[in-house]
Protein chains: 2
Amino acid sequence: MTRAPDGSTGERADAARNRARLLEVAARLVAERGAEHVTMHEVAEAAGVGKGTLFRRFGDRDGLLLALLAEAEAEFQEAYTSGPPPLGPGAPARDRLEAFGRALIERNTADADPGAALGRRLPHARRHTSDTARALHRHVSTLLRETGVDGDHDMLAHALLAFVNFETADHLRNEHQVPAARLQSTWVDLVRRVSRAGEAHGISEES
Amino acid sequence: MTRAPDGSTGERADAARNRARLLEVAARLVAERGAEHVTMHEVAEAAGVGKGTLFRRFGDRDGLLLALLAEAEAEFQEAYTSGPPPLGPGAPARDRLEAFGRALIERNTADADPGAALGRRLPHARRHTSDTARALHRHVSTLLRETGVDGDHDMLAHALLAFVNFETADHLRNEHQVPAARLQSTWVDLVRRVSRAGEAHGISEES
């Protein structure tokens with residue numbers, strides 16, 4: 001029996017193959033025309049399936065784009081979860097955190113990056129509740145904890161990520177002509193400030 | 001001769017009065033029906049002017065909402081620029097910064113606040129290039145400098161504000177059930193971490 005590409009046993013292999021093929025067709029159309037010009041109808045037609053199949057599988061158009069985004073993000077996720085250090089395991093947590101932000105900013109500011117291009121097309125609320133967003137947040141939150149930061153890791157991770165999301169980063173690049181390198185050094189600065197205070201003495205209550 | 005309400009001498013008094021009246025009419029309609037249900041046509045009709053006048057004055061519908069937002073924000077701006085400490089002048093810069101974030105979060109998470117309601121209706125890019133957004137950023141950046149933070153005040157201010165903008169704060173409240181009080185204590189924590197590291201020894205280059 002063929003195994004599903006993601007190694008899951010819950011999803012039957014042929015269903016997984018069909019899903020992969022639909023995503024492949026959708027990715028090709030998106031690459032050719034841009035995400036904003038691709039309809040569910042066109043994807044269904046190009047894949048030779050009914051539109052109903054596509055909707056059952058992905059819920060709606062944003063659901064399909066989210067699934068494409070997850071595919072495009074898989075490589076980046078692989079790099080930060082199991083690639084070489086300092087992005088992957090093996091380096092000190094703070095180095096990994098710095099490398100993570102640098103890499104994320106590089107990816108999000110590379111206009112040709114398929115993950116970035118897709119991410120921008122999705123409504124903020126939809127994108128930020130995706131598995132991809134949750135994985136990014138969990139990674140930053142875990143590294144903050146491993147760095148020894150004494151504080152609300154969950155919220156601090158949200159705060160750091162708010163600085164590098166598309167809304168903030170695109171705004172700073174487009175309206176304030178901030179180059180990616182300056183975003184990256186601010187990320188590194190923030191990480192050091194956040195983790196240094198925690199390392200030294202936590203947050204004291206003196207004003 | 002009557003003085004324009006904002007004290008400017010460049011804008012003729014009657015033009016300023018007309019503008020104020022248009023905003024008053026628009027604010028009333030927005031309060032009655034919600035910003036999303038008010039058209040330029042209705043505002044013009046209720047004010048007894050041509051639609052052309054409205055467009056000449058405010059550019060477009062978002063321009064009108066931005067002008068309303070500026071009015072709604074004037075009170076908050078007054079409080080942080082010249083109200084009593086610690087929000088206004090007279091307290092140490094770091095206390096003012098902490099008070100500012102607490103007040104901004106309180107305002108932005110109060111669902112009935114007219115400024116917050118209007119702000120949410122405006123597209124991110126439009127809102128963030130407004131005079132209101134610029135004033136908030138300038139205030140945070142200036143206080144960081146006064147606190148003695150050694151770093152890129154401009155970018156650090158953007159980073160702090162990214163955590164409390166509507167996208168981030170609404171997402172955390174709606175999707176993660178984070179209460180306003182936790183956003184506020186994270187703000188205070190961030191301000192202390194950012195300013196403490198700067199106070200102590202700047203950012204060293206050790207990894």
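The sequence lines fix the lettering, A, B, ..., with proteins before strands; numbering per chain opens at 1. All values below were derived from every heavy atom in this structure, side-chain atoms included, with hydrogens, water molecules and symmetry-related copies excluded.
- Between chain A and the residues B/Asp170, B/Leu183, B/Leu190, the most heavy-atom pairs under 4.5 angstrom are made by B/Leu190.
- Looking at B/Leu172, the atoms closer than 4.5 Å to chain A (heavy atoms on both sides) all sit in the side chain, from C-beta outward.
- The choice from B/Leu156, B/Asp154, B/Asn174 that makes the most heavy-atom pairs within less than 4.5 Å of chain A is B/Leu156.
- With a 4.5 Å cut-off on non-hydrogen atoms, B/Val164 does not touch chain A at all.
- Listed for the B/Arg21 side chain is a donor-acceptor partner under 3.5 Å among the backbone atoms of B/Ala47.
- Between A/Arg107 and A/Glu73, at least one side-chain nitrogen of the basic residue sits less than 4.0 Å from a carboxylate oxygen of the acidic one, meeting the salt-bridge criterion.
- B/Thr142 places a side-chain N or O within donor-acceptor distance of the main-chain N or O of B/Arg138, the cut-off being under 3.5 Å.
- In summary, the side chains of A/Thr168 and A/Asn165 do present a donor paired with an acceptor at a separation below 3.5 Å, with no hydrogens or angles considered.
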